[in-house]
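Taking it in order: structure first as structure tokens, then the write-up.
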Amino acid sequence: MSLSEAANATKRVVAKYVMDKIIRPRTDIKIFGLGSGTTIELAMKDKEIGLGDYLKSHNIKVVPTSFQAYEAAVAAGLKDQIASVKDSPSIDLAIDGADEVDEHLNLIKGGGGCFLLEKTVALHAKQLIILADNSKKSQRLGEKWSKGIPVEIVVNSEKVVDCDFRHNAEEVKSAILKKFGGDNAKTVLRQASKKCGPVITDAGNLILDWIFPTDSSLDWKAVDEGIKAIPGVIATGVFVGIAHSVYFGQEDGSVVMRDKTGDHKLNA
């Protein structure tokens, strides 16, 4: 089994577990927050897991966190059930993925570039459950994830259509490094692979990937609040005190659930 096949297998294990043990038994889900990323996409597409079919058959409103999640909902026949946080501000349950989870349930999200909308939905949810494979489980942030903390920087779209592309990413970068440290050379705007120049988020902004210092203990709540206070920053990919629990798929077919009391091995 290749590395990618093994990763997909563990994602499938955790998605099926959460679907069968957490979502299906509940009868109170009227509004559902649909996260982004490969694990959630798998849950929507895989007929045996059946998340898309479940949401449709139970006529549950779906609040997507990205264009990817929106398209997954449409593909599952949920177009008439799609809602937004504006018309559905109280979400009963949201599920999402993560790039890394530490022992205190702090998350790094944003590898896919939609963390602003993911955080928006998460903060409107009564409960946020994270699904991930075992490679995302660590004791401290940065132990496994080496691509940094994404920082979304506002771009004025009205100016852009007039060919005014000025932004303050360098000022933001300087302020972050001065306050919290990190790698100056590697902290850069995220570059796109199939367009010229930097990645543009679903909200039309830029992403600065801050390569933070991993040799010191950071107060992640202070980091999140401190970076958001910098002019031009709209969000960070640090999620602090938001996740209710995290489920990790294991290579042996079991699932580990991490909550505030620690790690608990479950039978899939």
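Within the structure, the side chain to side chain donor-acceptor pair (under 3.5 Å) test picks out the following pairs touching residues 91-112 (sequence neighbours left out): Asp92-Lys126, Asp96-Lys109, Glu100-Ser138, Asp102-Asn106, Lys109-Glu118. For the side chain to side chain donor-acceptor pair (under 3.5 Å) condition, the pairs that include at least one residue of residues 180-200, sequence neighbours left out, are Arg190-Asp209. For residues 30-44, the set of pairs meeting the salt bridge (Lys or Arg N to Asp or Glu O under 4.0 Å) definition, not counting sequence neighbours, comprises Glu41-Lys45. Applying the side chain to side chain donor-acceptor pair (under 3.5 Å) test to every pair with at least one member in residues 165-179, sequence neighbours left out, gives these pairs: Asp164-Arg166.
Looking only at distances, a side-chain donor or acceptor of Thr65 sits under 3.5 Å from a matching main-chain atom of Leu34. With hydrogens and angles disregarded, a donor-acceptor distance shorter than 3.5 Å links the side chain of Ser57 to the backbone of Tyr54. When atom types are taken as modelled, the side chain of Lys119 and the backbone of Thr236 share a donor-acceptor pair closer than 3.5 angstrom. Side chain of Asp224 to main chain of Lys221: no donor-acceptor pair is present (N/O by atom type, distance under 3.5 Å, no hydrogens or angles).
For Asp28, the CG atom counts as densely surrounded, since its 6.0 Å shell holds more than 12 non-hydrogen atoms of other residues, nucleotides or ligands. Heavy atoms of other residues, nucleotides or ligands lying less than 6.0 angstrom from CD of Gln139 number more than 12. No more than 12 heavy-atom neighbours from other residues, nucleotides or ligands sit within 6.0 angstrom of NE2 on His244.
Considering every non-hydrogen atom in both Ile108 and Pro150, the closest pair reads CG2-CD, 4.3 Å. Between Pro213 and Trp210, the shortest heavy-atom distance links the atoms CD-CZ2, 3.9 Å. The two residues Ile82 and Pro64 have their closest heavy-atom pair at CG2-CD, 3.9 Å. Nearest heavy-atom pair across Ile200 and Leu206 is CD1-CD2, 3.7 Å.
Side-chain contact check for Glu143 and Thr214: no donor-acceptor pair (N or O, by modelled atom type) lies under 3.5 Å. Side chain to side chain, Asp259 and His264 meet the donor-acceptor criterion of an N or O pair below 3.5 Å. Checking Thr10 against Asn134 by side-chain atom types alone, no donor-acceptor pair falls below 3.5 Å.
When Asp133, Thr38, Asp46 are each tested for a side-chain hydrogen bond (donor to acceptor under 3.5 Å, both in side chains) with Lys11, only one passes: Thr38. Looking at Ile176, Ile153, Val151 one by one, the single match for side chain to side chain contact (heavy atoms under 4.5 Å, CB included) with Ile230 turns out to be Ile176. Here the options are Ile60, Asp53, Leu55, Asn59, the test is side chain to side chain contact (heavy atoms under 4.5 Å, CB included), and the partner is Leu78; only Leu55 passes. With Leu42 as reference, Ile49 is the one residue of Ile49, Asn8, Leu51 to meet the side chain to side chain contact (heavy atoms under 4.5 Å, CB included) rule. For the side chain to side chain contact (heavy atoms under 4.5 Å, CB included) with Ile130, the lone residue among Leu107, Ile95, Thr39, Val18 that qualifies is Leu107.
For Lys61 and Asp80, the salt-bridge test fails: no basic side-chain N is under 4.0 Å from an acidic carboxylate O.
If you chain together hydrophobic residues whose side chains sit under 4.5 Å apart, Val172 and Val238 fall into the same group.
Under the 4.5 Å side-chain criterion, counting only non-hydrogen atoms from C-beta, Ile31 is in contact with Val63. Side-chain contact check for Phe165 versus Val155: every heavy-atom pair is 4.5 Å or farther apart.
For Trp220, the ring-ring contact (aromatic ring centres under 6.0 Å, His included) partners two or more places apart in sequence, or in a different chain, are Phe212. Lys56 pairs by the salt bridge (charged side-chain N to carboxylate O under 4.0 Å, His left out) definition with nothing, not counting sequence neighbours.
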For this session: Before giving the answer on side chain to side chain donor-acceptor pair (under 3.5 Å), spell out for Thr201 and Glu152 the whole-Å C-alpha distance, their side-chain angles and the decisive distance to 0.1 Å.
Result: CA-CA 8 Å; Thr201 71; Glu152 187 153 346; 2.8 Å; yes

